[in-house]
Novice: 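Submitted below is the structure of interest, expressed as structure tokens.
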Amino acid sequence: MSINIQKYEQSTFETCLAVCLLNVVGIKISKKKEMEIINYALNFSKYNFTLGHLDLIAKKFNVELNFYLDNKAYFNFVKKFKFSNKIKLFIHKIDLRLIDKLIKISPIIVYIDSYFIYKILHYPHFIIVIKKLNNGYKIFDPWDGKIKVIKKKILSKSIISLRNFLKFCPQIIQKYEMLPS
């Protein structure tokens with residue numbers, strides 16, 4: 001499945017995930033929707049920003065989401081929250097092998113360290129990986145609202161740095177798609 005990417009630039013420092021989710025589920029993006037999602041997420045829990053986003057999207061737009069987490073302790077922590085049963089949790093090492101497998105089904109949202117794209121500062125950031133290319137990936141970056149191509153090495157380093165330098169749990173979010181039988 002492919003998605004029609006809306007080239008929308010996030011309007012605040014913290015709304016990259018909201019923009020990515022609206023894109024992946026095919027909802028027309030607006031600042032109003034972006035703010036609704038971020039406000040819900042901030043009020044959902046001070047301990048889990050991402051799950052708040054997913055909870056609203058699953059409930060409001062009636063979509064199922066797969067949420068992959070890279071860390072067993074964090075996975076067990078997230079399982080304790082009350083959230084929509086349309087969100088399925090998985091524990092799996094987040095790396096290029098998993099990304100390559102999942103994007104055969106549909107585009108995915110990946111949590112990265114933005115330093116490797118912008119070379120300015122280390123900061124956690126969500127992007128959409130649209131498809132695999134020969135030496136890299138076609139991505140949508142909500143920071144500037146543009147579709148870009150990044151090298152495999154850049155994507156890999158951005159995930160490793162998120163985990164090892166920033167100490168954030170790598171995550172992947174994918175809209176659930178029924179595979180053809």
Side-chain angles (χ1 to χ4, degrees), residues 3 5 10 12-25 34 37-38 40-42 44-58 65-79 81 83 87-103 105-132 136-148 150-176:
I3 59 173
I5 296 288
Q10 68 188 73
T12 78
F13 198 70
E14 295 290 342
T15 52
C16 54
L17 180 54
V19 171
C20 286
L21 281 165
L22 288 166
N23 251 320
V24 164
V25 300
E34 193 183 354
I37 294 167
I38 192 75
Y40 183 92
L42 291 170
F44 178 82
S45 169
K46 71 179 186 179
Y47 299 107
N48 199 300
F49 181 74
T50 305
L51 196 55
H53 283 73
L54 302 182
D55 191 62
L56 178 66
I57 292 291
L65 300 165
N66 293 334
F67 187 24
Y68 294 84
L69 300 165
D70 184 84
N71 177 295
K72 186 169 176 58
Y74 192 65
F75 175 84
N76 290 332
F77 175 71
V78 170
K79 280 193 330 189
F81 286 87
F83 53 88
I87 301 167
K88 305 297 180 225
L89 293 180
F90 299 92
I91 185 159
H92 199 291
K93 181 171 177 62
I94 308 289
D95 59 15
L96 296 184
R97 271 187 293 246
L98 180 61
I99 289 170
D100 292 350
K101 178 181 171 186
L102 293 176
I103 59 174
I105 302 164
S106 67
I108 57 175
I109 300 169
V110 180
Y111 206 24
I112 65 165
D113 178 348
S114 66
Y115 175 80
F116 296 91
I117 294 176
Y118 292 102
K119 302 288 187 202
I120 298 170
L121 58 98
H122 292 273
Y123 195 80
H125 182 52
F126 286 95
I127 61 168
I128 299 174
V129 177
I130 301 168
K131 79 185 235 185
K132 184 178 180 182
Y137 295 90
K138 184 176 180 182
I139 68 163
F140 167 73
D141 185 352
W143 182 257
D144 58 13
K146 293 181 179 173
I147 292 175
K148 310 171 180 183
I150 61 171
K151 293 180 179 183
K152 289 179 184 180
K153 189 167 145 182
I154 297 297
L155 183 57
S156 182
K157 282 182 174 182
S158 71
I159 294 165
I160 292 166
S161 180
L162 181 80
R163 178 190 304 113
N164 298 340
F165 181 71
L166 292 177
K167 305 296 186 193
F168 279 79
C169 176
Q171 303 169 27
I172 291 178
I173 301 155
Q174 185 172 42
K175 181 181 172 190
Y176 174 78

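Remember, it's a predicted structure, so these values are computed and weren't measured experimentally. The analysis underlying the following values was restricted to heavy atoms, covering all of them including side chains, and did not include hydrogens, waters or symmetry mates.
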Novice: Could you measure the distance from the CG atom of L121 to the OG atom of S114? Nearest 0.5 Å is fine.
Specialist: 6.0 Å
Novice: For the CG atom of D113 and the CD1 atom of I154, what is their distance to the nearest 0.5 Å?
Specialist: 11.0 Å
Novice: For atom NZ of K72, decide whether the heavy atoms of other residues, nucleotides or ligands shown that lie under 6.0 angstrom number more than 12.
Specialist: no
Novice: Passes side chain to side chain contact (heavy atoms under 4.5 Å, CB included), D70 versus Y111? Steps please.
Specialist: CA-CA 11 Å; D70 184 84; Y111 206 24; over 6 Å; no
Novice: Just checking K146: does its NZ atom have more than 12 heavy atoms from other residues, nucleotides or ligands closer to it than 6.0 angstrom?
Specialist: no
Novice: Assess the pair F13 and Y123: is the distance between their ring centroids shorter than 6.0 Å?
Specialist: yes
Novice: Evaluate the side-chain proximity of L51 to V78: yes if any heavy-atom separation is below 4.5 Å, no if none is.
Specialist: yes
Novice: Kindly compute the distance separating CD1 (I91) from CG (N71), expressed to the nearest 0.5 Å.
Specialist: 6.5 Å
Novice: Which heavy atom in K157 sits nearest to a heavy atom in F116, and how many Å separate them?
Specialist: O-CE1, 3.7 Å
Novice: If you round to the nearest 0.5 Å, how far is NZ of K132 from CG of D100?
Specialist: 3.5 Å
Novice: Looking at every non-hydrogen atom in both residues, tell me the closest pair between H53 and A18 and how far apart they are.
Specialist: CD2-N, 3.7 Å
Novice: If you compare all heavy atoms of Y137 against all heavy atoms of L155, which two are closest, and at what distance to 0.1 Å?
Specialist: CD1-CD2, 3.6 Å
Novice: Would you say D95 and I159 make side-chain contact, with heavy atoms under 4.5 Å?
Specialist: no
Novice: Between F126 and W143 (judged by ring centroids, cut-off 6.0 Å), do the two rings come close enough to count as a pair?
Specialist: no
Novice: Over 60° means perpendicular and under 30° means parallel, so tell me whether H122 and Y115 are parallel, tilted or perpendicular.
Specialist: parallel
Novice: Within a reach of under 6.0 Å around NZ of K151, are more than 12 heavy atoms found that belong to other residues, nucleotides or ligands?
Specialist: no
Novice: Counting C-beta onward and ignoring hydrogens, is there a side-chain heavy-atom pair between I109 and I127 closer than 4.5 Å?
Specialist: no
Novice: Take I57 and L22 through the test side chain to side chain contact (heavy atoms under 4.5 Å, CB included) and record every step on the way to the result.
Specialist: CA-CA 8 Å; I57 292 291; L22 288 166; 4.3 Å; yes
Novice: Does the D55 side chain pair with the main chain of A58, one donor and one acceptor, at a distance under 3.5 Å?
Specialist: no
Novice: Start with the C-alpha distance between F49 and L42, add both sets of side-chain angles, then the distance that settles side chain to side chain contact (heavy atoms under 4.5 Å, CB included), and finish with yes or no.
Specialist: CA-CA 6 Å; F49 181 74; L42 291 170; 3.9 Å; yes
Novice: Any side-chain heavy atom of I112 within less than 4.5 Å of one from L162?
Specialist: no
Novice: Do D141 and D144 have side chains that approach each other closer than 4.5 Å (heavy atoms only, starting at C-beta)?
Specialist: yes
Novice: Heavy atoms, side chains only, cut-off 4.5 Å: are I108 and I128 in contact?
Specialist: no
Novice: Kindly give the heavy-atom pair with the smallest separation between K131 and I103, and that separation in Å.
Specialist: C-CD1, 3.7 Å
Novice: Do any N or O atoms from the side chain of R163 and from the backbone of I94 form a donor-acceptor pair under 3.5 angstrom?
Specialist: yes
Novice: Does the side chain of L65 reach to within under 4.5 Å of the side chain of V24, using non-hydrogen atoms?
Specialist: no
Novice: State, with a plain yes or no, whether a side-chain heavy atom of N23 is found less than 4.5 Å away from one of I5.
Specialist: yes
Novice: Out of N48, I173, I37, which one pairs with L54 under the side-chain contact (heavy atoms from CB on, under 4.5 Å) rule?
Specialist: I173
Novice: Quick check for you: to the nearest 0.5 Å, what is the distance between L89 atom CG and K79 atom NZ?
Specialist: 8.5 Å
Novice: For F77, look at atom CZ and say whether over 12 heavy atoms of other residues, nucleotides or ligands are found less than 6.0 Å away.
Specialist: yes
Novice: Just checking, is any N or O donor in the side chain of S158 or S161 under 3.5 Å from an acceptor N or O on the other one?
Specialist: no
Novice: What are the two closest non-hydrogen atoms of Y47 and Y74, and how far apart are they?
Specialist: O-OH, 4.5 Å
Novice: So, taking the atom named OG1 in T15 and the one named CD in E34, what distance separates them when rounded to the nearest 0.5 Å?
Specialist: 3.5 Å
Novice: Counting N and O atoms only, with roles assigned by atom type, does the side chain of Q174 sit under 3.5 Å from a partner on the main chain of S106, one being a donor and the other an acceptor?
Specialist: yes
Novice: Working note: I139 + I130, criterion side chain to side chain contact (heavy atoms under 4.5 Å, CB included); need CA distance, chi angles, decisive distance, verdict.
Specialist: CA-CA 5 Å; I139 68 163; I130 301 168; 5.7 Å; no
Novice: Under a 3.5 Å threshold, yes or no: a donor from one side chain and an acceptor from the other, between T50 and Q171?
Specialist: yes
Novice: Around F165, counting heavy atoms of other residues, nucleotides and ligands shown, do more than 12 lie under 6.0 Å from its CZ?
Specialist: no
